[in-house]
Amino acid sequence: MDSKYNPQEIEPKWQSFWEKERVFEVEVDKSKEKYYLLEMFPYPSGRLHMGHVRNYSIGDVVSRYKVMRGFNVLHPMGWDAFGLPAENAALENRVHPNEWTRRNIDYMRGQLKRLGYSYDWRREFATCDPEYYKWEQAVFIDMLEKGLVEKQKAWVNWCDKCNTVLANEQVEDGYCWRHGDTLVRQKELSQWFFKITRYAEELLEWTEKLPGWPEKVLLMQRNWIGKSVGSMIHFKLERPYPDPETDGEIDRVVVYTTRPDTLFGATFMSLAAEHPYCEILSRGTDREKAVREFCDRVRSEDKIKRSAEDYEKEGTFTGAYCINPMTGRRMPIYVANFVLMEYGTGAVMAVPAHDQRDFEFSRVYGLDIVPVVQPPGQEALEASAMTEAYEEPGVMMNSGEYDGMDSLEFKKVITDRLARENRGGASTHYRLRDWLISRQRFWGAPIPVVHCPECGVVPVPKDQLPVALPAEVEFDFEVGNPLPRLDWWINVDCPKCGRPARRETDTMDTFVESSWYYERYASPHCDTAPFDDGEVHYWLPVDQYIGGIEHAVLHLLYSRFFTKVLRDLGYVKFDEPFTRLLTQGMVLKESVKCPEHGYQFPQEVKDYKCPVCGKDVEIGRKEKMSKSKKNTVDPEEMVKTFGADTVRLYLLFEAPPNKEIDWSENRIQGPNRFIHRVWNLAVSRVEKIKDVSASDAAKYDFLAGPSDEKELFIKTHETARDVTDRIERWTFNTAISALMEQFNALADFDLEGGDDPARRKVLFRWSLERFLAMLGPFCPHLAEEIWSALGAKESAFHLAWPDFDEAMTARDTFELVIQVNGKVRARVNAPVDAKKEELEKIALANERIQDFIKGREIRKVIAVPNKLVNVVV
RNA sequence: GCCCGGAUGGCGGAAUUGGUAGACGCAGCGGACUUAAAAUCCGCUAUGGUUAUCCAUGUGCCGGUUCAAGUCCGGCUCCGGGCACCA
């Protein structure tokens, strides 16, 4: 060993050793219990960021730990390689996105290897490999045939910057998830959808059966699915209207409500601006122009404005009326700006007495308020006296024969009656919408269908897959997405009739690729099917998945859906992809902003002055590292300065995995110093213990030896217990602090003292070896280096995890705490397992305690064996 | 508005089922080594009290249960996150 710790030298050495010895390669082995550990794969943006390093360092601890515990561990890595940044880079640099992507992958693979992660690199693939998306296209065709994918005309989200549509899950607060500054517009377009709504109930039910997931994520998914139980109610129109779609007639408006009990109080009807009836009902009347103008205006407003809290409730009368099925009342039909087309039927029965929005609306437009639910135990509501809607349950009133009935009970009664009379019935709704998966972009998996003027939509036959992206394409800002212009690529013969047809030019949402990549890792090179049956059912489901909380309803919901689809298509036999999930905390850093020059790199800011102009800067709060805020720290720089082991140890020691980390250059000194101390201790001791073997430790009874030997022996056992426990409980920061304690004990242990030098050496070596074994998952290079300096020929990767024997930690005395009235007044040594009575005797005999109880009456003495005695006076 | 989390020294964080609050580390202070600095090593470090091995106070606030509360119960405050005109 060099006297100086030099990670730049030892880390690459061990990395190539692991690669050469194929240490991390795994195969199906039915004699061993499998463990599939997965971290969310990265988008190859160019360089790893600190969040990646944290994610993968957490995973690597568990992976290496499970190997040492005897599991057959699958730990793969790959690339989420399709997506917009590659395409934008292509436009800017006029290179094919593939070239940009591959270059980034090569670079980032190198970065991952320099961090020493235990991946089986033979299983690596990128989602932009045609051998990968070929199988995605095959599944798409299966789904098409099963009716799980459909082209629908709908109002969809459009981002002007992405130049494409977006799924609901990709719209955050009305803004594009990629471009936080770009408002999403609504456009009516014909697009491809995955029928995820068919799985709404199953996806919801299974959230109750995933105990290994954080409750928070399950809750977010439940909210997103948004189940509500209510009724459909038909309202007859006053007169029929012609239906332009079917050439038939429209005679009713159907609404969905969770408050059928308030039906007697429905005094008008509200339609969404996107509702087709707005036009139909007003056509040819004097309301036509006003309705069209109102609808156009509302529709052109962006989502964020429409969902703002102070968005004023507005509407306009369509000129049409419908009839309340219970009261026969003539109800005017309005278009209202607060009614959403995407929820329920886009039409709402308005009950101003019992819905605050309807109440406000009725005030503005002078519509009748009829209370039908009476607050229990209070006087009946009086419409003229109401200042707000009464939304709670109560007792029915103004509801004919049902007056006096409990409103909750009435819900069932009225729904049953409507169903019996064919005027409605029970209905369940979900907030979840179908997943819009088509994108008007080049760099994605092509949707494998052709459009034939004769046969319509025709899937590409499976033996002609993949429908590969063209390799020879010019990229130009003026043109944008080149795909729709590539006549040679688009013009094909219809696979069905052979006549000229056109290829679909939309590609799939990149979230489709990430919905099943983890299943492909089981047999990444299988070329006859998406998965090899034996492999996928040996390894899957993923036992532990680790990634960011930001995917709580995106990737994690899509993946659950896709797995269920694959199951129903007969590809897999399990229901859920991820048994356990850890959402790791983000790595944060404060941002620094100059009022004139915007965000600045904190490390370039001195004395709170802008490095450009010298003006005072604002120190922002700690937030997620991002390029736009310039608050990033490049992990590669950190690895160059401190070494991979130190960066890993810092990220693991700073906080528990699920908590945020405030990046601090200061605090990396702790782990850095610890690693140097470990190195220095090894350098100074290795030669002295070379001639003894740790296995001789079994020959000695250290518990009977000198007290310092006994203490090190017990500490070593206790550390095995604590580190194991804490890894199992996912608090790696405290696992590391336990290792630090054992190290401190090792460093304090005097190798020279005692009566039997050989025994001391054996003890020290045995303790050091166990320490190194447990250090391995955290600092693998350091552990390997010292392990080999001790004479080992095998990799420390395959060491057995230190066992723990309770009997080996048996001390014969403990520190007894003596309290008077619950306050600690003395500590004395007492024999372990002393009886309560003995402890009481010891406590009362103590001089200091006697001072405290002198002249006072002892009311009670409580003794807790091996802990404390409390004297109550 | 609704639903989840949180709140412990100057800082990150410990404290399995109520039983020694502050493990481990950072920063700080003092000392050793050094011509000097860095590094390293040793010691101190919750707050207050004329800082002895003593006393008092102390885990966001108010109250309760208990021999004993960071931990349990009731009522708040603040912070973070998710959802939100969902009929």
Side-chain angles (χ1 to χ4, degrees), chain A residues 4 172-173 214-224 226-228 230-231 233 255-260 262 266 270 272 306-313 336-340 342-351 354-358 360-361 391 429-431 549 552-553 621 649-650 653-656 658-674 676-677 680 722 725-726 728-729 731 733-741 743-744 747 815-827 848 859-864 866-873:
Chain A
K4 198 173 177 306
E172 294 171 353
D173 273 350
E215 191 54 30
K216 184 183 177 175
V217 173
L218 295 172
L219 216 73
M220 281 165 74
Q221 294 210 351
R222 277 177 215 137
N223 286 342
W224 189 262
K227 182 177 182 174
S228 92
S231 310
I233 304 177
V255 306
Y256 170 73
T257 180
T258 53
R259 294 296 305 273
T262 63
S270 307
R306 287 180 73 174
S307 61
E309 210 152 320
D310 53 358
Y311 190 54
E312 208 172 306
K313 288 177 184 41
N337 62 356
F338 62 88
V339 180
L340 306 173
E342 57 270 25
Y343 190 79
T345 62
V348 185
M349 73 172 198
V351 186
H354 304 291
D355 181 287
Q356 188 59 24
R357 291 156 306 176
D358 297 342
E360 287 168 28
F361 195 85
E391 296 184 332
H429 274 255
Y430 301 89
R431 213 186 67 107
I549 183 86
V553 285
R621 68 184 174 109
L649 193 66
Y650 165 74
F653 181 60
E654 188 65 358
N658 57 354
K659 272 198 78 166
E660 274 137 28
I661 286 181
D662 294 342
W663 178 269
S664 157
E665 209 100 351
N666 257 346
R667 267 195 290 272
I668 202 171
Q669 286 308 334
N672 186 39
R673 209 169 282 158
F674 173 70
H676 276 89
R677 292 180 71 208
N680 293 338
D722 292 348
D725 234 46
R726 292 166 187 188
E728 294 286 348
R729 280 166 45 216
T731 54
N733 55 331
T734 55
I736 293 165
S737 67
L739 282 170
M740 286 174 166
E741 286 186 47
F743 173 79
N744 290 340
E815 192 184 52
L816 175 70
V817 168
I818 309 172
Q819 300 177 324
V820 178
N821 285 349
K823 288 188 181 169
V824 180
R825 296 300 181 188
R827 295 150 204 261
R848 281 186 37 75
R859 294 188 14 213
K860 208 194 248 184
V861 179
I862 288 134
V864 183
N866 294 329
K867 279 225 167 84
L868 52 71
V869 174
N870 188 10
V871 183
V872 186
V873 295

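What you see is a predicted model, and the numbers here were worked out from it, not measured in a lab. Here is how names work: the chains are called A, B, and so on, in the same order as the sequence lines, proteins then strands, and each is numbered from 1.
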[N] pairs with which nucleotide, Watson-Crick or G-U wobble, both distances below 3.5 Å?
N	result
B:U53	none
B:G5	B:C79
B:U35	none
B:C72	B:G64

Any side-chain N or O of [X] under 4.0 Å from OP1/OP2 of [N]?
X	N	result
A:Arg431	B:A87	no
A:Asn870	B:G19	no
A:Arg848	B:U53	no
A:Arg673	B:U40	yes
A:Arg726	B:G13	no
A:Arg825	B:U20	no
A:Lys867	B:U20	no

Name the nucleic acid region contacted by [X], choosing base, sugar-phosphate or nothing; use a 4.0 angstrom heavy-atom cut-off, strictly under.
X	answer
A:Phe653	base
A:Pro671	nothing
A:Asp355	nothing
A:Gln819	base
A:Arg859	nothing
A:Leu219	sugar-phosphate
A:Gln356	nothing
A:Asn680	nothing

Using a distance-only criterion (donor-acceptor N/O pair, under 3.5 Å, no hydrogens), is the base of [N] paired with the side chain of [X]?
X	N	value
A:Arg677	B:U40	no
A:Asn223	B:C83	no
A:Arg667	B:A27	no

- Using a 90° cut-off around 0 for syn, call B:G9 syn or anti. syn
- Can the ring centres of A:Phe338 and A:Phe361 be said to be less than 6.0 Å apart? yes
- Message: Could you tell me how far B:U59 sits from B:A69 if I compare only their P atoms? Round to whole Å.
- Response: 11 Å
- On a whole-Å scale, what distance lies between the C1' atoms belonging to B:C61 and B:U8? 15 Å
